Amino acid sequence: MSQTPAKATIYDVAERAGVSISTVSLAVNTPHRVRAETRERIVAAAAALGYRMTSDGRSGVSRIAVAAPYTTYPTYLRRLAGMLRRARSAAVDLVPYDLDSAASATAPLLESLPARADVAGLIMMGVPLGGAALRASRAARLPLAFVDIVRPARSGASSVLVDDLAGGRMLGAHLRALGHRRVAFVHEVQRSQGYVSAGMLRADGMAEQLQLLPVASAGPDRVEAEALRSAAAKGVTAFVANHDRLAAVVLKAVSAIPELADTTVTGYDDGELAEALQLTTVRQPFEETGRVALESVLERIADPSRAASRTVLEPQLVVRMSSRPASARPA
């Protein structure tokens, strides 16, 4: 009588990857402490051996990892909130992982998370997966969904996007109608061109309507006054920030510069901050993106043969008092 093959253990993964058990543990739990090439070997070994469980050991309860740069961009918490509401009616544990911002990394592709042995699905928000991780997730048949990431070809993953290109067009058309022609787009420096970011798409949409001058911020919530002065000297009549938190910083900076005090400032995202500042912005359906992403993963856990889906949600322009006609700015 044939015997059922034994399940792979952490010892098997360590032996196959040529590393210690502690290194495998580090790669799973604190991947930033393990060199990229070592992580890739561990991910490949885990996938080849099938080192992955489909639940956390409690009957019918699936554990789904949700990775995003939460502390850099708190709006991802709103997407997570949409998942949490959906999870109330499902046997699901959501396990959040905070990641570094993809914009700040020279090599932003995450390679290690699918090696976790206790997740039935994975949702990636704002930080793309690298080739090794994608191959490992496919080999392990791990249901995968991307949020706020343009899905790589043949990734086998579902995706949920807000149409940032359309959002940029809306904002550009609004500013053009107010008489603006040359606009500064204030954004964080994207160190890697290895992926298409939401900010790149927003800028492309605005560029269809306006002449765009990129202005690099000093961080996700820092901007130099001299950079704003320099942009204004080049004919800029409005500042468009890549997100509302950055727009709040720009608003504060221009209010302290007499010649820019009445300059139009807009943001992107919408929420309590934008409402309090009376900020013109583009509203994203954050909670809805989270709910749809979780639904897509749950459907593929229930039916592994189900095809990956792609959902594109529409943004909405929200006009408030921070929008002013181009002629309103003092000469």
Side-chain angles (χ1 to χ4, degrees), residues 5-54 63-73 76 95-159 188-197 200 297 308:
K7 288 185 177 180
T9 67
I10 192 171
Y11 299 91
D12 299 319
V13 175
E15 182 178 357
R16 187 181 183 97
V19 298
S20 67
I21 297 168
S22 62
T23 301
V24 176
S25 180
L26 282 174
V28 171
N29 295 295
T30 53
H32 63 279
R33 296 176 58 187
V34 180
R35 289 186 304 173
E37 57 268 28
T38 304
R39 290 200 310 267
E40 287 193 19
R41 290 208 315 276
I42 292 170
V43 169
L49 294 168
Y51 181 63
R52 185 182 67 82
M53 291 170 21
T54 57
R63 177 170 287 177
I64 296 175
V66 186
Y70 297 109
T71 53
T72 305
Y73 301 111
Y76 283 109
V95 185
Y97 291 88
D98 188 36
L99 304 174
D100 292 332
S101 162
S104 65
T106 54
L109 306 181
L110 191 72
E111 298 288 8
S112 58
L113 200 59
R116 285 201 62 95
D118 58 353
V119 295
L122 171 65
I123 299 173
M124 294 294 306
M125 300 197 292
V127 177
L129 284 178
L134 285 171
R135 289 190 294 274
S137 66
R138 287 198 299 268
R141 300 192 178 186
L142 182 73
L144 172 63
F146 291 132
V147 178
D148 205 25
I149 302 168
V150 176
R151 179 174 58 180
R154 299 184 298 279
S155 67
S158 295
S159 67
E188 299 91 341
V189 174
Q190 183 173 319
R191 298 177 65 190
S192 169
Q193 297 302 308
Y195 70 106
V196 178
S197 68
M200 293 166 68
V297 170

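It should be emphasised that the depicted structure is a prediction, and the values quoted were computed from it without experimental measurement. The chain is numbered in sequence order, starting from 1.
Between Pro69 and Tyr76, some side-chain heavy-atom pair lies under the 4.5 Å cut-off.
Closest of all the heavy-atom pairs between Val297 and Gly121 is CG1-CA, 4.0 Å. Taking both residues in full, the closest heavy atoms of Ser158 and Ala308 are given as OG-CA, 3.6 Å, listed atom of the first, atom of the second, then distance. Shown here for Tyr70 and Tyr97, the closest heavy-atom pair between the two residues is CE1-O, 3.3 Å. Minimum heavy-atom separation, Ala67 to Leu99: CB-CD1, 3.6 Å. For the residue pair Ala120 and Pro143, the shortest heavy atom distance occurs at O-CD, 3.2 Å.
The line from CZ of Arg63 to CG of Leu122 is 14.0 Å long, rounded to the nearest 0.5 Å. Remark: Asp98 CG to Thr72 OG1 distance equals 6.5 Å, nearest 0.5 Å. Taking CG from Leu144 and CD1 from Ile64, the interatomic distance works out to 11.5 Å, rounded to the nearest 0.5 Å. Atoms CE and CD1, on Met124 and Ile149 in that order, are 5.5 Å from each other to the nearest 0.5 Å.
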